[in-house]
**Student:** 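The structure that follows is given in the form of structure tokens.
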Amino acid sequence: MRELFAILFFPGGLFLLAGGMMYEWADHKLIARLQNRVGPRWFQPLADTVKLLAKEEVIPSGISTFLFIALPIAALAGALTSALYVPLGGLAPTYSFHGDLIVALYMLSLLTLCTGLAGSNTTDSFSLVGATRTLTQLFSYEAPFLVALLGPALAAGSWQISEVNTYAQSHWLLFLQPIGFIVALIGLLGKLEMPPFDSPEAETEIVAGAMTEYSGRGLALFHLGRKVELMVGLTLVASFYLGGLGNPIEFVVKTLALLLGLSVLQSLMARLRIDQIVGLWWRYGALLVLAQWLVLMLIGGFTS
Amino acid sequence: MNTENALKAAGELLAEWTIAANTPESNRLDVVIGAENLIASVSAMLDGRWGYLAGITGLDLGVQAGQFEVLYHFCAGAAVLTLRVRTPRDHAVVPSICTVLPSAIFYERELREMLGVEVTGLTNTDHLFLPDDWREGVYPLRKDAVLDQGETRQ
Amino acid sequence: MSEKSEKFIVPIGPQHPALKEPGHFEFTVDGEVVTGASVRLGYAHRGIEKATESRNWTQNMYLLERICGICSHIHALAYCLGVEKLAGVSAPPRAQAIRSVVAELERIHSHLMWLGVAAHEAGFETLFMYSWRDRETLMDVLEALTGNRVNYSANLIGGVKFDINADQRDTILRALEFLEERTAHYMDIVTTDVVFLRRTRGIGTTSAAQAELLGLVGPTARASGVARDVRIDAPYAAYADFPVTLILHNVGDLESRFIVRINELLESYRLIRQILDHMPEGELTARVPRRIKEGETISRVEAPRGELFYFIKSNGSDTPERIKVRTPTMCNMASVPVLGIGQQLADIPMILAGIDPCFSCNDRAAVIHQGDDGDTWTWERLRQYGIDYYRGQP
């Protein structure tokens with residue numbers, strides 16, 4: 001009974017969806033204010049979702065219908081599952097075991113993977129280019145982002161999210177591992193395909209990228225997955241680098257502070273080309289974060 | 001190079017092929033040439049580094065006159081030189097100048113579809129402005145073009 | 001399908017988020033690199049050149065002003081100057097000065113809009129929003145001056161319709177002061193923002209020789225170091241009394257085009273101030289006969305996007321025999337398929353925006369809707385199809 005509640009309402013299910021919508025609204029509103037616009041009203045993400053769900057879903061011919069329908073569901077399921085392992089709302093995660101950090105990160109990547117597959121599944125050229133870009137980008141930011149999140153895990157000596165969170169409450173890793181924080185923050189932008197890493201869905205080039213053929217329910221599910229991913233990603237980075245998440249107030253303040261940082265970064269930059277993104281990640285992101293890792297391991301080795 | 005000298009230089013460049021020349025306005029020179037000399041004249045202009053092609057105008061002189069006139073406008077500063085080529089309505093042909101001046105292709109395609117002047121040597125004869133399913137043989141800028149009002153969207 | 005495996009084509013247009021107006025481009029790509037390109041125009045073709053032949057001289061002014069929503073004044077101006085030349089009259093100096101002021105205001109409006117569009121193509125939404133917000137200042141000025149935000153209808157054959165009074169003069173000067181400060185800031189952004197420069201520096205570079213060969217005009221040519229500006233080469237309206245400084249840059253990439261257009265903004269501010277400070281006194285209109293003498297003329301003006309070329313032929317009646325309009329986009333468009341080859345697909349919208357294309361201007365002329373023949377549907381048939389389709393749904 002408790003488990004069912006956990007999955008359906010809190011922290012899974014409804015809470016996540018509602019929370020994701022609020023975070024998305026906050027993001028849109030912040031960017032709008034930074035760009036001197038008014039921005040949407042608070043229920044805009046909900047209204048968009050309801051509208052999309054009510055709309056006709058067009059399934060293109062000549063493709064695998066099963067995959068077309070299943071991929072958005074898998075994407076949303078992956079994002080929701082990953083939320084079970086992170087300290088949402090500053091409370092202890094619903095499920096916790098050694099190595100759940102890797103599982104949570106994998107579940108988050110599932111969304112991107114599904115997006116890429118959904119794009120490859122269609123015959124539309126925008127979708128195909130978008131899918132190629134989505135997957136290319138996945139392979140470029142995934143490793144540095146993972147390593148950046150493993151930095152705190154290494155410091156805490158555990159690959160369990162709740163333990164890292166507890167460790168972080170006494171150590172502000174933002175100051176101890178600044179490079180890791182920056183890479184994690186920018187990695188989050190890449191993971192969420194926000195500017196300047198929105199090349200996979202650059203509307204002026206390839207319309208909506210991998211999502212071009214999606215409409216109605218499928219598109220709504222992908223968008224919901226993205227909202228949940230935003231919330232989970234913020235929670236992870238905030239709990240690892242911003243002094244841990246011990247209670248709901250800390251959770252709200254720290255994730256919103258992080259979101260403000262993301263919004264400023266988004267509105268400051270133009271879109272990077274996909275080749276520039278790959279170059280940026282592998283030339284700078286990966287190397288820097290690996291260098292920091294090496295230093296941490298050496299220090300760890302000497303002190304123990 | 002002031003306008004007067006520029007026009008004089010252009011007149012000299014084209015002297016070999018000139019059938020008639022006049023100066024309708026102080027900054028303009030009109031040179032009538034034969035269609036067969038068009039490419040040679042344009043190359044002479046290019047070799048003499050005189051101005052740039054500013055456009056091609058197709059004129060329908062009317063059914064009675066029985067001729068089209070194709071105007072190649074070159075501009076250099078304030079000076080405008082116009083090469084005028086006449087071609088009969090019932091067999092309207094001019095050579096393409098794309099071989100010497102590739103940027104003329106849009107103008108020539110427009111001329112071809114709007115006035116029905118055949119441009120020999122044009123590499124791309126697809127419609128540029130008119131719809132793909134445009135009726136064969138209807139050239140809207142001809143004076144006698146019958147544009148059926150019933151088919152025209154109001 | 002077999003063709004598809006050989007060639008992977010990314011269609012841009014006729015409806016595409018990168019294009020604010022309809023045009024159709026097909027880019028053959030190999031991975032992300034463009035290997036071929038073709039252009040198809042005419043989606044905004046309205047048969048204006050043909051239509052001018054059945055309207056009188058005055059009506060045509062209103063028709064031609066509607067060729068383009070952005071550079072509307074300059075079309076009417078080119079036409080009026082040409083007709084005045086044919087009729088052997090010239091507008092009074094004050095009218096010419098007002099024409100120049102409106103033309104420059106229009107240039108500012110067009111360049112600011114371009115700045116926003118180009119930034120949007122590069123995914124730089126903040127610059128887009130800011131430059132369009134500032135453009136509103138100018139739209140308000142134009143509205144205060146002429147009563148309209150677009151299609152200002154400032155011209156008459158033989159003069160202008162309105163005067164600029166002291167209040168309006170102050171309004172313009174105040175707006176220019178604000179815009180000058182903003183423009184300096186934008187110049188700073190486009191030349192120093194590291195991320196933005198990665199999308200503009202060295203992209204779509206056109207050498208001066210290439211620009212000459214492609215017949216580029218306007219700011220696009222000037223960014224490649226080709227000194228070509230009708231306002232300087234063949235001054236019209238009040239430009240002979242208020243000379244323009246030529247803005248040149250010689251690199252020829254997208255960054256150059258930004259720099260040239262932003263510098264032209266600053267030059268326009270200066271020029272408007274100068275004209276307003278030394279406004280000639282006198283009449284606003286000259287008398288023009290209803291029938292225009294037989295003859296031909298060529299009228300060239302510098303539109304925001306480059307040289308606008310009008311060929312006007314009169315047969316002595318109250319309607320023109322032929323009006324040929326050659327817009328700047330027609331010249332510059334030829335450069336897109338050429339420059340696009342070898343570039344990244346992601347840079348194509350930027351290269352396209354770099355010439356500041358105006359499809360409505362470009363397309364001008366065809367009229368006909370070919371009726372109901374399978375490929376083209378009448379509005380009625382489309383409507384009926386929609387009704388039937390949804391009735392047929394369970």
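Order of the sequence lines sets the chain letters (A, B, ...), proteins ahead of strands, with each chain counted from 1.
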**Student:** Under 4.5 Å, heavy atom to heavy atom, which residues of residues 10-30 of chain B contact chain C?
**Tutor:** Glu25(B), Arg28(B), Asp30(B)
**Student:** What distance do Phe106(B) atom CZ and Asn332(C) atom CG have between them, rounded to the nearest 0.5 Å?
**Tutor:** 11.0 Å
**Student:** Answer yes when Glu296(C) and Arg84(B) have at least one side-chain N-carboxylate O distance shorter than 4.0 Å, and no when they do not.
**Tutor:** yes
**Student:** Under 4.5 Å, heavy atom to heavy atom: which of residues 60-75 of chain B reach chain C? Give them by number, or say none.
**Tutor:** Asp60(B), Leu61(B), Leu71(B), His73(B), Cys75(B)
**Student:** Taking the cut-offs as 6.0 angstrom to the six-membered ring centre and 45 degrees off its axis, would you call Arg228(C) and Tyr52(B) a cation-pi pair?
**Tutor:** yes
**Student:** Looking only at non-hydrogen atoms, find the nearest pair between Asp233(C) and Ala78(B) and report the distance.
**Tutor:** O-CB, 3.4 Å
**Student:** For the atom pair CZ (Phe311(C)) and OG1 (Thr82(B)), what is the distance rounded to the nearest 0.5 Å?
**Tutor:** 7.5 Å
**Student:** Please flag which part of Val230(C) lies under 4.5 Å from any non-hydrogen atom of chain B: side chain, backbone, both or neither.
**Tutor:** neither
**Student:** On a heavy-atom basis, which atom in Glu307(C) and which in Ala54(B) lie closest, and how many Å separate them?
**Tutor:** OE1-CB, 4.0 Å
**Student:** Quick check for you: among Leu216(C), Val217(C), Ile298(C), which has the greatest number of heavy-atom pairs under 4.5 Å with chain B?
**Tutor:** Ile298(C)
**Student:** Between Arg300(C), Glu212(C), Glu321(C), which residue shows the highest count of heavy-atom pairs closer than 4.5 Å to chain B?
**Tutor:** Arg300(C)
**Student:** Mind running side chain to side chain contact (heavy atoms under 4.5 Å, CB included) on Lys324(C) and Ile56(B) for me, showing each step along the way?
**Tutor:** CA-CA 9 Å; Lys324(C) 162 80 191 171; Ile56(B) 299 177; over 6 Å; no
**Student:** For Gln59(C), does the CD atom sit with more than 12 other heavy atoms under 6.0 Å from it, leaving out its own atoms?
**Tutor:** yes
**Student:** Is there a side-chain contact between Glu110(B) and Met330(C), using heavy atoms and a 4.5 Å cut-off?
**Tutor:** yes
**Student:** Less than 4.5 Å to any heavy atom of chain C: does that hold for the side chain of Ala79(B), its backbone, both, or neither?
**Tutor:** backbone
**Student:** Where do Gly58(B) and Arg322(C) come nearest, in terms of heavy atoms and distance?
**Tutor:** O-NE, 2.8 Å
